[in-house]
Amino acid sequence: MYKQNHHADNDCNYKNGMLPECAPLAVPYVPMQGESIPQYNPKEALTRGTLFPGLDLPWKNVVNQTGAPDTPLGELMALGFVIHELGLYLDTHCDDTEALEMFNRYVELYEEGEKRYVARYGPLRQMQAGGESYTWLCSPWPWEYGGGMK
């Protein structure tokens, strides 16, 4: 514990591993996102962590170079990410008809891709495994297909 009459220069050292009593409080500022047309494609958006280049502010200039997997499942992951990003954008810009149209197009693409994926590889989610028999553990998992997923 810190003493009441401590000297700030001695005790307010960020390297001591504890938040000292004299630590200043942070006042975060999050600017309102302006209306902007998303410019990243779904795979790049998933890799960059945002659909909007204006929000792409890499921490310490570290940029993810890994990329989304070039597989049907990777494609669905990228589409799902874009849908989520557009949904967050529409939460604060509900009158942006262009963004809503884009959201609806990506939802249609995702649903179509998901149907094709499930028909070919089996259920993506546990709730798709029902029906006449429970197939969640019966279908091969994506990594069990080897290189034949493309």
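Remark: Phe52 CZ to Glu85 CD distance equals 6.0 Å, nearest 0.5 Å. Between Met77 atom CE and Leu46 atom CG the span is 5.5 Å, to the nearest 0.5 Å. Taken from OG1 in Thr50 to CG in Asp56, the straight-line distance is 6.5 Å, to the nearest 0.5 Å. Annotation: the span from Leu51 atom CG to Gln39 atom CD amounts to 9.5 Å, rounded to 0.5 Å.
Between Val82 and Ala45, the closest heavy-atom pair is CG2-CB, 4.2 Å. Here the closest heavy-atom approach between residue Pro42 and residue Leu79 is recorded as CG-CD2, 4.2 Å. Scanning all heavy atoms of the two residues, the minimum distance from Asp96 to Tyr89 falls at OD2-OH, 2.7 Å.
By the 30° and 60° cut-offs, the orientation of the rings of Tyr117 relative to Tyr121 is tilted.
Sorted by first then second residue, the side-chain hydrogen bond (donor to acceptor under 3.5 Å, both in side chains) pairs that include residues 97-107, not counting sequence neighbours, number zero. Screening residues 61-88 for ring-ring contact (aromatic ring centres under 6.0 Å, His included), with sequence neighbours left out, gives no hits.
Leu124 is listed as a side-chain neighbour of Leu73, based on a closest heavy-atom distance under 4.5 Å.
Under the 4.0 Å criterion applied to side-chain N and carboxylate O atoms, Glu111 and Lys115 are not assigned as salt-bridge partners.
When Glu114, Arg116, Glu108 are each tested for a side chain to side chain contact (heavy atoms under 4.5 Å, CB included) with Glu112, only one passes: Arg116.
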